[in-house]
Amino acid sequence: MKIVLGVVAGLFYVSFACGQGFRLSGRVTGGDGAPVSDAHVVLLGTGRQANTGKDGEFSFAALAKGSYSIRVQKEGYRSHRTEIRLERDGQQIAIRLDSAMHVLDEVLVTDNHVERRKQHESLNVEVVGRDFIYRNLGGSLMKTLERLPGVQTIGIGSGQSKPLIRGLGFNRVMVVDRGVKHEGQQWGADHGLELDQFAAGEVEIIKGAASFVYGSDAIGGAIDVKPESPPAPHTAMASVDLMGRSNNGSYGTSVRFGGRGSRWFGDGRATYQRYGDYRVPTDTVHVYDYAVALHKQHLRNTAGQEMNLHLTAGYLGERFNSVLYVSNTYNKAGFFANAHGLEPRRVDAGMHDRSARDILMPRQQVNHFKVISRNAVHFGAHHLQAELGFQRNFRQEFSQYVNHGYMPPVFPDTLGIPMGLEREFDKFVYSLNVKDHWETGRHTLTFGFNGEYQDNAIDGWTFLVPSFDQLTAGAFVYDKYRLNDKTLLHAALRYDHGSLRMSAYRDWFPSPVDDSGTQEYLLRAADLHRRFNSVVWSVGINYDPADAVSLKANIGKSFRMPIAKELSANGVNYHYFSYEQGNPSLSAEQSYQADLSAAWQHGGWRIIVSPFYNYFPNYIYLNPTARFDHYYGAGNQVFQYEQSRVMRYGGELQLSRRISSALTAEVLAEYLFSKQLSGAKKGFSLPFAPPPSVLMNMTWAPDRAGNPFVSLDYKLVGRQYRIVPPERKTDGYGVAALQAGYTVSVANQEVHLNLQVQNLLNTRYMDHTSFYRLIELPEMGRNIVFSMRIPVGIANRNSIKE
Amino acid sequence: MKRIIIFFAMASLLSCGKDDGTTDTEYPVIDIAYADAFPVQCSTIQRGETFVFRAKFSDNVALGSFSLDVHDNFDHHTHSTEVNECDMEPVKTPVKPFVYINSFEIPGAPRIYEASVELTVPADVDPGDYHFMIRVTDREGWQTMRGLSIKIQ
């Protein structure tokens, strides 16, 4: 700790010692020589940015002598990058922008800003844009991202999934949507993420502990979903997406309308998706020993629908910008009817099989409403950002009433709970983030504050987690110091405070409490108030010894506050035959992680190796014990939250080779090993440990009009025999996929076409990290995904320079 | 720097093939396929009488505990875990269904254990379709379950 404080203090000291300043100014013009106003100029790696004025001019003051990369972006023009050497005060440069061919294509055809982003971050970062999303369009955003090495998902049917980063998931991965932490019911394996993949602009994935920027929950990594870029100035635009999937008869559309004056803009997007029961390459699945016959290979009742609406309005000025996002996502999806959790269910097959598109019980439905206000001000060397957010996540799970345990045989209608309502979670979240980015000399300092208040209420006839409210607040300082042209140093320090207040809950039905037959309404959760404090830190380095090589290393401490379920659960999850007991005395989880990454790029070759080592002194683990409890647990196996020492290591390998101008080969591999070093499961792995995998790809993309491409993936997944109760050993498999795309021009209108065949050979396999793995359901069979994107532009002539 | 990378690369490569092989990943087994086992799938039990539950449990290392749960299935909502189905009576509303929930530790953590538990079914409970759930754990927390369909007459 002392060392870290020393390093941070040292960096501060240096910042005051060398605050000299040179001025750099420049002028941006278009192909015709006319000045380009409102172009965004960034000094890469320094965090400094400016917008050009009406005369096309910009300037940066207080710069140090040395080399800089300047990037200029402006809608309607190709992004431009240039290197300059700043040697004297008042140095001037001229930048000429080429106009973009596809002026109105809303997809930013980016330069190498992603590469630069990676090079100036000591953590392991993966950035994907909309092109990646369109090419790999899955049933949900997380499923789409699964292709990335080190990213896996827990799939729940065909329309929902939740992310795992290097094997950690649930509350150990933070999802940030438009600058604000996305809050749903992250703890549940059967709960997907309430995000619209059509509304995502760029997605940044931080693999590894990132608590120091994001706070609690980013202990395993973070997924930062950025919004779509606003419409170009003086244009009105529209875009239409159409999408269909063969496997589950899915169809969907997403439509966007928008317009912008010079500074004010507004846009709206609506997405609708409907899908039927998905198909697996088998006629029979075995729920335990009982053979369930599937009608036309359909997994009964896995149909669903999604409806999302987004409204955005904002002001984009030179020094100040402010954007308001209002969105609502709605999801409704069925669970496989022949088993609820692990519990075999007798079903009315005739009723379910009548239609593959109806959504009957058991099912879940979630509505997520969000209002986010993002604001930024530039003044002097400062860039101040603030986000204000409100979210309401309303989740309901419906199932026929079954009197498990001591529940009354007939559901009483006097309870005030609808008969089908098994669980309900109603969550209100208020967030505030403030961040100041300050450039001074060779330092880029970031000071930040994150605060969040949550109010959670429950309903329904089963109990897992009590109602609770939670307040968290954290402050951090992060310094990026440019030692020389080749080296960037990073240091960060963060303090967090959290307070959780759980409310008491009593069963609505009596249970016996001893052998004499005395009955009581059991107190499941008591009032409990816990506070947590945490100090975390991170230090890192980026070192580029040669043009072709870039190295990075990072070491840091992260933390996670226990969640209400871990502290206060005291209920029977009948569908898992488990009685989960929280542990009110848990301490905040801590993690130490070392990350390395080495990249080499030369003559068509590109190799990136990113190993990591991670140690938790007190990982919170739900331990399945050998005991049963026949009072509070109604005869179910006791699962208890405990803390144990855990060691994990692994890494990813990305290798690509440009064989010819059109042909590229790529290999993406991932490996993860985890082991509990203490506690009841000493020697065992952690649950949901992804098996090693290698994805091999060959892409043919000639440089021709219409940007055609054909890409073939073959993913080889190893077996996973390192399991922990109640998991099952999963054998390895290989699965192939095909992607192709082409842009056609119909009556001067561009139409982007994308085709994918997932599970090309209709392979029957089990995914170790699937929600349905425990009841041996195979994964989705062959799936042909077709999508079409039509960007329509209605532009003001004056602003387009051909 | 280079050394660190080489160390990490070596460490990850070496670890690939490593598996301690010391952890127990086997589920315990419930055997009800021998002559004295009772009840079995589709057994019938008489009201007002006492019967003995009998099953053999085994595990590769050490058994933990077992649990029994008898509940009605008058609404046909849950299914047994067994291969064959039994004849079901029509769906009906329970009035006074028989409920039995109990759990037992298996003393001495043996590898093989024959459980025998005496159960009395009161004379005034609803007759009909019931589920008889047998669950056993081993010391590591692996749980095996059998859900049998039985009838109470």
Problem - Part of B/Tyr27 lying under 4.5 Å from any heavy atom of chain A - result: side chain
Problem - A/Glu652/A/Lys207 under salt bridge (Lys or Arg N to Asp or Glu O under 4.0 Å): CA gap, chis, key distance, verdict - result: CA-CA 10 Å; A/Glu652 296 87 39; A/Lys207 294 187 266 181; 3.3 Å; yes
Practice task
Answer yes or no: does atom CG of A/Leu677 have more than 12 heavy-atom neighbours from other residues, nucleotides or ligands under 6.0 Å?
Solution key: yes
Exercise for the section: Step through it carefully: locate the ring centre of B/Phe38, locate the ring centre of B/Phe53, and say whether they are under 6.0 Å apart. Expected result: no
Problem - CA sep, side-chain torsions, deciding dist, call: A/Asp595, A/Arg166, salt bridge (Lys or Arg N to Asp or Glu O under 4.0 Å) - result: CA-CA 12 Å; A/Asp595 271 285; A/Arg166 289 174 165 170; 3.0 Å; yes
Fill in the blank from the handout: With chain B, the option among A/Asn636, A/Val402, A/Asp629, A/Val638 that has the most non-hydrogen atom pairs under 4.5 Å is A/Asn636
Fill in the blank from the handout: Of the listed A/Leu342, A/Leu653, A/Val724, A/Val287, the one with the largest count of heavy-atom pairs under 4.5 Å with chain B is A/Val724
Practice task
Select one option (side chain, backbone, both, neither) describing which atoms of B/Val83 are under 4.5 Å from chain A's heavy atoms.
Solution key: both
Completion exercise
Ranking B/Pro94, B/Gly64, B/Ser65 by heavy-atom pairs under 4.5 Å to chain A gives rank one to B/Ser65
Problem - Choice from A/Glu727, A/Lys682, A/His404 maximising heavy atom contacts with chain B below 4.5 Å - result: A/Glu727
Handout entry: CD/A/Glu776: more than 12 non-hydrogen atoms of other groups inside 6.0 Å
Key = yes
Handout entry: Other residues, nucleotides, ligands: >12 heavy atoms within 6.0 Å of A/Lys486 NZ
Key = no
Handout entry: chain B contact via A/Asn623 - which portion, at a heavy-atom distance below 4.5 Å
Key = neither
Practice task
For the pair A/Trp461 and A/Tyr401, name the ring-plane relationship: parallel under 30°, tilted 30 to 60°, perpendicular over 60°.
Solution key: perpendicular
Exercise for the section: Could you list which of residues 130-145 of chain B have a heavy atom closer than 4.5 Å to any heavy atom of chain A, in residue-number order? Expected result: B/Met133, B/Arg135, B/Val136, B/Thr137, B/Asp138, B/Arg139, B/Glu140, B/Gly141, B/Trp142, B/Gln143, B/Met145
Fill in the blank from the handout: When the 4.5 angstrom heavy-atom criterion is applied to A/Val347 and chain B, the contacting part is neither
Handout entry: Residue part contacting chain B, namely of A/Glu343, when any heavy atom lies under 4.5 Å
Key = side chain
Exercise for the section: Count the heavy atoms of every other residue, nucleotide or ligand shown that sit under 6.0 Å from CG of B/Asp87, and state whether that count exceeds 12. Expected result: no
Exercise for the section: Below 4.5 Å from any heavy atom of chain B, which atoms of A/Tyr631 appear? Answer side chain, backbone, both or neither. Expected result: neither
Problem - Polar contact flag, side-chain donor to acceptor under 3.5 angstrom, B/Glu82-B/Asn84 - result: no
Handout entry: Heavy-atom pair count under 4.5 Å with chain B, highest-scoring of A/Pro512, A/Pro725, A/Pro344
Key = A/Pro725
Handout entry: Test item: A/His340 and A/Glu422 side chains (from C-beta on) under 4.5 Å apart, heavy atoms
Key = yes
Handout entry: Segment of A/Ala680 engaging chain B (4.5 angstrom heavy-atom cut-off)
Key = backbone
Exercise for the section: Determine the interplanar angle of the B/Phe66 and B/Phe57 rings, folded into 0 to 90°, and report it as parallel if under 30°, tilted if 30 to 60°, perpendicular if over 60°. Expected result: tilted
Practice task
Please check if any side-chain donor atom of B/Thr25 sits under 3.5 Å from a side-chain acceptor atom of A/Lys729, or the reverse.
Solution key: yes
